[in-house]
Amino acid sequence: MDRSANIKRRFILHVDMNSFYASVESMMDPTLKGKPLAIAGNPEERRGIIVTCSYEARKFGVKTTMPLWQAKKLCPSLIVLRPDFQKYRTMSQKMFQLLREYTELVEPVSIDEGYLDITRISMSPIEAAEEIQNRLYHELGLPSSIGIAPNKFLAKMASDMKKPMGITVLRKREIPQILWPMTVGEMHGIGKATEEKLKKYNIHTIGDLAQEDAYSLKHRFGKNGVRMWERANGIDDRPVDPERASEFQSVGNSTTLAEDVSDETELKRVFSVLADSVERRMKGKKVVGQNLQIVIRYGDRKTVTRSKTLENPFHDKSEILEHAWSLFTKHWNGEPVRLLGITAADVIPKEKAYKQMDLFTFEQEKKRDDVNRLISDIQKKFGDHSIIRGKLTDDPS
């Protein structure tokens, strides 16, 4: 990687913390080090879901999203802890503070991973990666894997190749030998549903995707088809953007009422409209929230803000409305209201989130997502008021 070869060439690092939640717990409690450890939403619930687990647990076959009963069957000595998001957020902040000592061009992607553009720093890419990895481990007690590449996509793919504590360089000229033999499901940004659709067109590997006609992919998959083709060929011009992270820290909406309102039915209707707006914006950004906030402004301009951290990440209108209304009824003083607002805070990409659910609630969640997607499509085509969600009542009439 000769830095003098091309002054326009970029050097991007993708830093990915290894089993972050489990690593934080082991760092804070040394008695857990070297032991099979899992973080689960509700350890007391037999059908809870594994959020993440240590590499010692993975040796027994324990995996993320695995039902807790199955994990314990594979590893009877498994230690299970509840997640402590405040603890993880604190360590995440320390991690990113350390990364920003090397460059201002740091883009957090989630609580435990981020990109760095180190093109203009004095150290070589490998020296920088080795020093960062060593400091994260010795100063914070946290293991990491780092990918080095000329763009964000390749850096992300590289960081996944050696875990834990790996450093991998991935050059564009190595794409045919290293990336193309992989299945399309191993490519960052391709989920199960897209993988199955690609297989129907006889596209099984990243190499198949790279050699497919870009126009045909656009016809079949829209803009995402072109994006997939570009990534498969190592094309990714996205800059490392420190401001991009702030876009996803919160998603909210508020409205000023035409007049002061004290009628509960009307106030709940306003909350329902706000919840619907927040849901749509969250789904557009493909994020889920971990903290729900409301704003109440009274007719005398006195403003009250209240928040609640939920046990599970949320994105659905019904959950948003339920918790927002609960906060409102708890803290409303009964005086007329002039402004209301709802904000989903501490948002993270949906693909990084977990939800502790049993098989029954999993099916409910899937059906609800399918219905929400159908309603959203109809509203986009025929207008916001063309169809609305109903609700069940005890009154058969």
Side-chain angles (χ1 to χ4, degrees), residues 1 5-6 8-16 18 58 61 63-66 107 109-110 113-115 117 125 129 145-164 166-241 244 283-287 349-353 366 369-370 373 377:
M1 300 181 77
N6 185 347
K8 294 183 179 180
R9 192 174 185 184
R10 294 190 300 163
F11 296 93
I12 309 297
L13 301 187
H14 180 261
V15 178
D16 192 4
N18 301 146
R58 295 181 192 192
K63 299 177 182 178
T64 301
T65 73
M66 177 179 282
E107 180 184 325
V109 180
S110 67
E113 63 176 311
Y115 294 103
D117 187 330
S145 292
I146 301 178
I148 308 171
N151 62 49
K152 289 162 74 171
F153 168 74
L154 293 178
K156 168 65 177 175
M157 293 296 295
S159 68
D160 284 338
M161 290 179 182
K162 293 179 186 176
K163 290 187 175 183
I167 295 177
T168 304
V169 179
L170 182 56
R171 304 169 178 85
K172 276 196 173 183
R173 65 175 180 268
E174 297 171 328
I175 291 173
Q177 293 76 37
I178 297 177
L179 282 195
W180 286 4
M182 294 181 178
T183 65
V184 287
E186 295 176 89
M187 182 169 145
H188 175 59
I190 293 183
K192 285 286 184 185
T194 303
E195 180 183 11
E196 292 306 314
K197 289 179 183 177
L198 287 167
K199 286 180 179 179
K200 290 179 181 178
Y201 294 104
N202 205 31
I203 300 173
H204 299 277
T205 67
I206 297 178
D208 294 337
L209 182 59
Q211 293 164 42
E212 186 70 21
D213 179 65
Y215 179 81
S216 298
L217 288 169
K218 183 177 181 180
H219 178 71
R220 296 167 182 167
F221 297 92
K223 291 181 181 179
N224 191 45
V226 177
R227 190 180 300 114
M228 290 190 296
W229 180 86
E230 289 177 343
R231 300 294 186 266
N233 283 283
I235 301 169
D236 181 9
D237 296 327
R238 293 174 299 160
V240 173
D241 182 4
R244 188 171 181 270
K283 290 190 174 180
K285 293 176 179 289
K286 297 181 179 178
V287 295
K350 190 174 181 180
E351 64 187 34
K352 295 287 291 185
K366 183 179 184 302
D369 279 347
D370 291 342
R373 195 176 301 113
D377 289 343

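It should be emphasised that the depicted structure is a prediction, and the values quoted were computed from it without experimental measurement. Counting begins at 1 with the first residue of the sequence.
- Within the 4.5 Å cutoff, no side-chain heavy atoms of Lys163 are placed close to those of Arg58.
- Taking 4.5 Å as the limit, some side-chain heavy atom of Glu195 sits within range of a side-chain heavy atom of Lys192.
- Inter-residue side-chain proximity for Lys172 and Asn151 is flagged as met; some heavy-atom pair is nearer than 4.5 Å.
- With respect to Glu196 and Lys200, no salt bridge is recorded, no charged nitrogen being found less than 4.0 Å from a carboxylate O.
- Salt bridge absent: Glu107 and Arg238 never bring a charged side-chain N and a carboxylate O closer than 4.0 Å.
- Met157 is not listed as a side-chain neighbour of Ile178, based on a closest heavy-atom distance of 4.5 Å or more.
- Using a 4.5 Å heavy-atom threshold, the side chains of Arg231 and Ile190 count as separate.
- At a threshold of 4.5 Å between non-hydrogen side-chain atoms, the residues His14 and Glu113 count as touching.
- Minimum heavy-atom separation, Leu13 to Ala155: C-CB, 4.3 Å.
- Distance CD1/Ile203 to CD/Gln211: 11.0 Å, rounded to 0.5 Å.
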For this session: Mind running side chain to side chain contact (heavy atoms under 4.5 Å, CB included) on Asp236 and Leu154 for me, showing each step along the way?
Result: CA-CA 8 Å; Asp236 181 9; Leu154 293 178; over 6 Å; no

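- When side chains are defined from C-beta on, Leu217 counts as touching Leu209, because their heavy atoms get closer than 4.5 Å.
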For this session: Evaluate side chain to side chain contact (heavy atoms under 4.5 Å, CB included) for Asp241 paired with Tyr115, printing each intermediate quantity in order.
Result: CA-CA 9 Å; Asp241 182 4; Tyr115 294 103; over 6 Å; no

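- In terms of heavy atoms, Ala158 sits closest to Ile148 at CB-N, 4.2 Å.
- Across Ile167, Ile146, Thr168, a single residue satisfies side chain to side chain contact (heavy atoms under 4.5 Å, CB included) together with Lys162, and that is Thr168.
- With a 4.5 Å cut-off on side-chain heavy atoms, Tyr201 and Asp208 do not count as touching.
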Exercise. Which is it for Thr205 and Trp180 under the side chain to side chain contact (heavy atoms under 4.5 Å, CB included) test, yes or no, and what are the steps along the way?
Worked result: CA-CA 6 Å; Thr205 67; Trp180 286 4; 5.9 Å; no

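- Of the inter-residue distances, the one linking Leu198 atom CG with Thr183 atom OG1 reads 11.0 Å to the nearest 0.5 angstrom.
- For the residue pair Leu179 and Met161, the shortest heavy atom distance occurs at CD2-CE, 3.8 Å.
- For Asp213, the CG atom counts as densely surrounded, since its 6.0 Å shell holds more than 12 non-hydrogen atoms of other residues, nucleotides or ligands.
- Separation of atoms CD1 (Ile12) and CG (Asp117) is listed at 3.5 Å; rounding is to 0.5 Å.
- Side-chain N/O atoms of Ser145 and Asn18 include a donor and acceptor closer than 3.5 Å.
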Exercise. Passes side chain to side chain contact (heavy atoms under 4.5 Å, CB included), Lys152 versus His188? Steps please.
Worked result: CA-CA 11 Å; Lys152 289 162 74 171; His188 175 59; over 6 Å; no

